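Basis for what follows: all heavy atoms, side chains included, without hydrogens, waters or symmetry-related copies. Just so it is clear, the model here is predicted, and its values are computed rather than measured.
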Amino acid sequence: MTVRLGPLSPQAKPAPAANPLPNGMGDNPRCVRRDITNYLSSRFTRTEDMVTLIADSDDILTFQDRMQAVTAHPWEVADTYNAAEHGGMPLMGVHAGGHQTIGGDPGGDFFTSPNDPAFFNHHAGIDRTWAIWQWLDLENRTEQMGGGTSMFDPMNSPRQTLDDLVDLGVVGDRVWRIRDLVSTVDGPFCYTYE
């Protein structure tokens, strides 16, 4: 399989050849590389980690924070980290843990990881985990929002609302409001997990 876009923020070592365009959108053909290990998956993406995430998150902000929890180098603090001292926050959440388990190029590149086919399987699992959490209290959890509009500065950016727009650009045929996309069985979606 050939990857053609990126890299933008490669974590693979050695790093792939730089993209000919500064925005990473130039044609840069190279083979997919993976760096799959069980170090993170055996610690942060186990079934019990997903059960804890679902059971211990009473609101969407807690759920999101625990799912995303990222420690830059968890192996450096794993022996001394105590989740109880950090409000129950895991050292790494199931979302980041899945990405980092796959690693490589483009899987380990935040900006181009969707170029790896494994990305979609991983995100289907993330969607399933969110759907289970939502279904446990569907009436109160379907339209919950938490966080800001900037991924890199969520605390200081404007609060996200259900009326904010989702524009998928060239891969979408229309612009949606978030409220139209927060249910797996209403709006444009009609799917469940068994």
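At least one cation-pi condition fails for R128 and W130: the charged atom is not both under 6.0 angstrom from the six-membered ring centre and inside a 45 degree cone around its axis. By the 6.0 Å and 45° rule, R66 does not stack over the aromatic ring of F63.
Outside the 6.0 Å centre-distance limit, the rings of H99 and F110 are not counted as a close aromatic pair.
Formation of a donor-acceptor pair under 3.5 Å by the T2 side chain with backbone atoms of C31 is not found in this model. Side-chain N or O atoms of Q134 include one that pairs as donor or acceptor with a backbone N or O of V182 at under 3.5 Å. Checked by atom type and distance alone, the side chain of Q160 never pairs as donor or acceptor with a backbone atom of G147 at under 3.5 Å. Between the side chain of H95 and the backbone N or O of H123 there is no donor-acceptor pair closer than 3.5 Å. Remark: side-chain polar atoms of D35 are not paired, donor with acceptor, to backbone N or O of G104 under 3.5 angstrom. In this structure a side-chain-to-backbone donor-acceptor pair under 3.5 Å is present from D49 to R46. In this structure, N115 contributes its side chain and P106 its backbone to no donor-acceptor pair below 3.5 Å. Checked by atom type and distance alone, the side chain of Q68 never pairs as donor or acceptor with a backbone atom of A96 at under 3.5 Å. The closest donor-acceptor contact from the side chain of S42 to the backbone of N38 lies under 3.5 Å.
Taking D163 as the reference, R177, R179 meet the salt bridge (Lys or Arg N to Asp or Glu O under 4.0 Å) condition, with sequence neighbours excluded. Residues satisfying the salt bridge (Lys or Arg N to Asp or Glu O under 4.0 Å) test with D105, not counting sequence neighbours, are R30.
Counting heavy atoms from C-beta outward, T101 and Y39 have side chains that stay 4.5 Å or more apart. For the pair R33/P16, a side-chain contact is recorded, criterion being any heavy-atom separation below 4.5 Å from C-beta on. By the 4.5 Å heavy-atom criterion applied to side chains, N28 and L5 are not counted as neighbours.
Residues D180 and P188 come closest through the heavy atom pair O-CD, 3.1 Å. Taking every heavy atom of both residues into account, F120 and P114 meet most closely at CE1-O, 3.3 Å.
Side-chain atoms of S113 and D116 form no donor-acceptor pair, as typed in the model, at a separation below 3.5 Å. Side chains of D164 and T161: a donor-acceptor N/O pair is present below 3.5 angstrom, by distance only.
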